[in-house]
Amino acid sequence: MSLRDAAFESMLQRRQLRGMIFEAIAFLAILIGLLTLALLFYDIITSGVERLSWDFLTSFPSRRASRAGILSALAGSVFLVSLMSIFAFPIGIGAAIYLEEYAPRGWLTDLIQVNIANLAGVPSIIYGLLGLGIFARLAEPITGGRTLLAGALTMALLVMPVVIIAAREAIRSVPSEIRLAALGLGATRWQMIRGHVLPYALPGILTGTILAISRALGETAPLITLGALTYVPFVPDGLRSQFTVLPIQIFNWVTRPQEAFHTNAAAAIIVLLAILLSMNALAIYLRYRFEKRLMK
Amino acid sequence: MATRSAERVITGDEAVRAALRRKAGRNIPELIIRWILLACSLISILTTVGIVGVLVFESAAFFSEVPLGDFLLDTQWTPLFADKRFGIWPLVVGTLMTSTIAIAVALPLGLLSAIYLSEYASPRLRSTIKPILEVLAGIPTVVYGFFALLFVTPLLERVIPNLATFNAISPGIVMGIMILPMVASLSEDALHAVPVGLRYGAFALGGTKFEVSTRIVVPAALSGIAASFILAISRAVGETMIVAIAAGQRPVLTFDPREPIQTMTAYIVQVSLGDVPAGSLAYRTIFAVAMLLFLMTLVLNIASYFIVRRFREVYE
């Protein structure tokens, strides 16, 4: 009897060949994603970079493509996101603390959890209708209608699940020895949370808030439904000011037939992506530092 | 002596009482904080109540004027024309068409990427590729819309004859690329959670890497993978800007993906951009459409939530 079985060997070769083909196909699948990303950046940079200039950043929109700029959109985006942060982060982090540190097991906690998971999956355009119905119409005496304040409140609700989920994960990763040590020294629950849990979880929470901000910076649909304007030749001057944001300006330019406006759109996209990518890089850096600290 | 010890008892008593008072003083703020934090988490419930309230309120007003039968059975959608028809099917079919194309792109590519990242890639390659995929997931949808209309459509026009400038194929493909990272990342988590002992067992029985990956690891992670697929479908159905930019504004019942169509979300955008007075019937249509959209995504999201929950119980 031979130690080598020809039938088995040839079958093994075929099986290994099949495995190699599969590995190549799977690698190709990843490559397609990466390649599309590269193509997208290439396309946008080549069509927009010539239009980028200081004037483009500091001019108001105009009927003539060559004179139009993104000042009001850029300012609107910054104001909207800052205002949104004031609402979304304390409430979101507060909810995360409650769910991780206080919530008893029971139907209410279950309901809140299922609810947050579901809210994270509600299409953003539906939040726009919520904002339109509640903040722009029902609360019009306070918000003044389709204003910066109404937009910021809508966006705050939209990013809240992102903030809560990220903050919960960060709080959960705090070792329980830290909590026990604080309690053992006589701290109350809140003293323990404020003095020990939150500082430890802070980088993780920050990562979540940055992701929430970048999500909000890129959102278009809810603000269109809310009724943010597409032509705003001024910088918002208060909570009840009308406003536009960068993605809406881009959308407006993309949907025009003239090619010159498409170039403007590409240039505005470069600005938007530059902001988002630097925020992403910051989030990745923070997470990296966080993970390193946890490993110690 | 006696007086001294009495004094000591009294002072001791005082100290304990003072300590208890301090503790009580600490506890009232504690209680307030607890209620504030509970209120924070209840805002999420209020959000859902708000969404459902607004949608139900405005849809009810819509259905008091348009019979539900017309909405569900008519095949024409012309609420903005003089001859108004309110059949939802053109929008639903448009939505399903772009979503189906997106899913046909995202599911196979996403699952293959996940298998590669979890089973084949070296830790270094994995830690390089994952952040890049996250960038792909973080690109605003309006940017993908630009890419679909001004790059992918002209490219496809060379390959596909009779392709209209606005069509379902191009935004469908781009949407697939957009949700690919989500499928890849969630499926990869599921594959990663499969106990390594299962792999060792299969290798010990003589399986090749391909056989172990596809016949042992993937089936073991199936519920997590299924949950990621369902979430991807939900994302595709609710996606707005790509289709609003690149798919067109023509709500006509067609199954030809080369033609301009309109999705449910794109219709809402179209009406929101126009000058439709609040309280009019045309204004209320967007809430009725949104209600249907909300119900569709709700069913998908809840399904995936419970699948994930079951899956977690198995492995933790």
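By convention in this document, chain letters (A, B, ...) are assigned in the order of the sequence lines, proteins followed by strands, and residues within each chain are numbered from 1.
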message: Distance check, rounded to the nearest 0.5 Å: A:Thr255 atom OG1 versus B:Leu273 atom CG?
response: 7.5 Å
field: Side-chain heavy atoms of A:Phe22 within contact of B:Thr208, under 4.5 Å
entry: no
- request: Give, for atom OG of B:Ser41 and atom CG of A:Leu108, the distance between the pair rounded to the nearest 0.5 Å.
  value: 7.0 Å
- prompt: Rounded to the nearest 0.5 Å, how far apart are CD1 of A:Ile30 and CG of B:Leu125?
  reply: 7.0 Å
- prompt: Contact part of A:Leu119 toward chain B, heavy-atom cut-off under 4.5 Å: side chain, backbone, both or neither?
  reply: side chain
- prompt: Is it the backbone or the side chain of A:Gln249 that comes under 4.5 Å from a heavy atom of chain B, or both, or neither?
  reply: neither
- prompt: Of all of B:Val271, B:Val52, B:Leu133, B:Thr240, which one pairs up most often with chain A through heavy atoms under 4.5 Å apart?
  reply: B:Thr240
task: Enter the distance from A:Thr188:OG1 to B:Leu31:CG here, rounded to the nearest 0.5 Å.
output: 11.5 Å
statement: So, the part of A:Leu39 with a heavy atom under 4.5 Å from chain B: the answer is both
field: Flag if over 12 foreign heavy atoms under 6.0 Å of CZ, B:Phe203
entry: yes
field: Winner by heavy-atom pair count (cut-off under 4.5 Å) against chain B, out of A:Leu28, A:Ile193, A:Asn118
entry: A:Asn118
field: Segment of A:Leu40 engaging chain B (4.5 angstrom heavy-atom cut-off)
entry: both
task: Please state whether the side chain, the backbone, both or neither of A:Ile269 comes within less than 4.5 Å of a heavy atom of chain B.
output: side chain
- prompt: Is the side chain of B:Glu30 donor-acceptor paired with the backbone N or O of A:Trp190 at a distance under 3.5 Å, no angle test?
  reply: yes
message: Looking at chain A, which one of B:Phe287, B:Tyr116, B:Phe210, B:Phe57 has the largest number of heavy-atom pairs inside 4.5 Å, strictly under?
response: B:Tyr116
message: Need one label for B:Leu136: side chain, backbone, both or neither, based on atoms under 4.5 Å from any heavy atom in chain A.
response: both
query: Any side-chain heavy atom of B:Pro140 sitting closer than 4.5 Å to one from A:Thr220?
result: no
field: Most contacts with chain B, counted as non-hydrogen pairs under 4.5 angstrom, among A:Val114, A:Val122, A:Ile164
entry: A:Val114
Proximal component of A:Thr225, with respect to chain B [non-hydrogen, under 4.5 Å]: both
- request: Could you tell me which portion of B:Ile51 (side chain, backbone, both or neither) has an atom closer than 4.5 angstrom to a non-hydrogen atom of chain A?
  value: both
- request: Below 4.5 Å from any heavy atom of chain B, which atoms of A:Arg137 appear? Answer side chain, backbone, both or neither.
  value: side chain
- prompt: At a heavy-atom separation under 4.5 Å, does B:Glu211 approach chain A through its side chain, its backbone, both, or neither?
  reply: side chain
query: Between A:Ile250, A:Val254, A:Asp43, A:Leu31, which residue shows the highest count of heavy-atom pairs closer than 4.5 Å to chain B?
result: A:Asp43
- prompt: Considering all heavy atoms of both residues, which atom of B:Ala290 and which atom of A:Ile126 are nearest to each other, and what is their separation?
  reply: O-CD1, 3.4 Å
query: What pair of heavy atoms forms the shortest contact from B:Thr297 to A:Gly121, and how long is it?
result: CB-O, 4.5 Å
- prompt: With a 4.5 angstrom heavy-atom cut-off, which part of A:Leu276 approaches chain B: side chain, backbone, both or neither?
  reply: side chain
message: Heavy-atom cut-off 4.5 Å, strictly under: side chain, backbone, both or neither for B:Thr214 against chain A?
response: side chain
message: Testing the basics here: between A:Ile125 and B:Thr265, what is the closest heavy-atom pair and its distance to 0.1 Å?
response: CD1-O, 3.6 Å
message: Using the rule given for side-chain contact (heavy atoms from CB on, under 4.5 Å), can you reason through B:Tyr283 versus A:Leu132, listing the C-alpha separation, both sets of side-chain angles and the distance that settles it, and then say yes or no?
response: CA-CA 11 Å; B:Tyr283 170 85; A:Leu132 178 64; 3.6 Å; yes
Engaged part of A:Leu37 at the chain B interface, taking heavy atoms whose separation is under 4.5 Å: both
- line: Turns out that what part of B:Glu119 lies under 4.5 Å from chain A's heavy atoms comes down to neither
query: What part of B:Phe166 is in contact with chain A, defined as an atom under 4.5 angstrom from a non-hydrogen atom: side chain, backbone, both or neither?
result: neither
query: With only heavy atoms counted, which part of B:Ile45 is less than 4.5 Å from chain A, the side chain, the backbone, both or neither?
result: both
query: Which pair of heavy atoms, one from B:Thr47 and one from A:Leu130, lies closest together, and at what distance?
result: CG2-CD2, 4.0 Å
message: Quick check on the interface: out of B:Glu134, B:Lys209, B:Arg235, who has the most heavy-atom pairs with chain A under 4.5 Å?
response: B:Glu134
- prompt: Has B:Arg126 got more than 12 heavy atoms of other residues, nucleotides or ligands less than 6.0 Å from its CZ?
  reply: yes
message: I need the minimum non-hydrogen distance between B:Tyr120 and A:Glu23, along with the two atoms involved.
response: CD2-CD, 3.4 Å
field: Shortest non-hydrogen separation from B:Phe146 to A:Ser47 and the atoms involved
entry: CZ-OG, 4.2 Å
statement: Of A:Ala266, A:Gly128, A:Ala268, the largest count of non-hydrogen pairs under 4.5 angstrom with chain B goes to A:Ala266
message: Using the rule given for side-chain contact (heavy atoms from CB on, under 4.5 Å), can you reason through A:Leu157 versus B:Ile43, listing the C-alpha separation, both sets of side-chain angles and the distance that settles it, and then say yes or no?
response: CA-CA 9 Å; A:Leu157 293 186; B:Ile43 285 189; 4.3 Å; yes
task: Measure the spacing between OG of B:Ser272 and CD1 of A:Ile224 and express it to the nearest 0.5 Å.
output: 7.5 Å
- prompt: Among B:Val269, B:Leu231, B:Ile302, who wins on heavy-atom pairs under 4.5 Å with chain A?
  reply: B:Val269
statement: Output for pair (A:Ile91 CD1, B:Ile36 CD1), nearest 0.5 Å, gives 11.5 Å
field: chain A contact via B:Ile177 - side chain, backbone, both or neither, heavy atoms under 4.5 Å
entry: side chain
Residues which pass ring-ring contact (aromatic ring centres under 6.0 Å, His included) with B:Phe147, listed by chain and number, not counting sequence neighbours: B:Phe151
query: Quick one: what part of A:Leu277 sits under 4.5 Å from any heavy atom of chain B, side chain, backbone, both or neither?
result: side chain
message: What part of A:Ala103 gets within 4.5 angstrom of chain B, counting heavy atoms only: side chain, backbone, both, or neither?
response: neither
message: So for B:Ile115, is it side chain, backbone, both, or neither that comes closer than 4.5 Å to the heavy atoms of chain A?
response: side chain
query: What part of B:Leu298 is in contact with chain A, defined as an atom under 4.5 angstrom from a non-hydrogen atom: side chain, backbone, both or neither?
result: both
task: Sort A:Ile21 into side chain, backbone, both or neither according to what part of it lies under 4.5 angstrom from a heavy atom of chain B.
output: neither
- prompt: Is it the backbone or the side chain of B:Ile286 that comes under 4.5 Å from a heavy atom of chain A, or both, or neither?
  reply: both
query: Sub-3.5 Å donor-acceptor pair from the side chain of A:Asn280 to the main-chain atoms of B:Val135, do we have one?
result: no
- request: Return the option, out of B:Leu180, B:Ile33, B:Leu109, with the maximum number of heavy-atom pairs under 4.5 Å with chain A.
  value: B:Ile33
- prompt: Given the options B:Ile132, B:Leu150, B:Val237, which has more heavy-atom pairs under 4.5 Å with chain A than any of the others?
  reply: B:Leu150
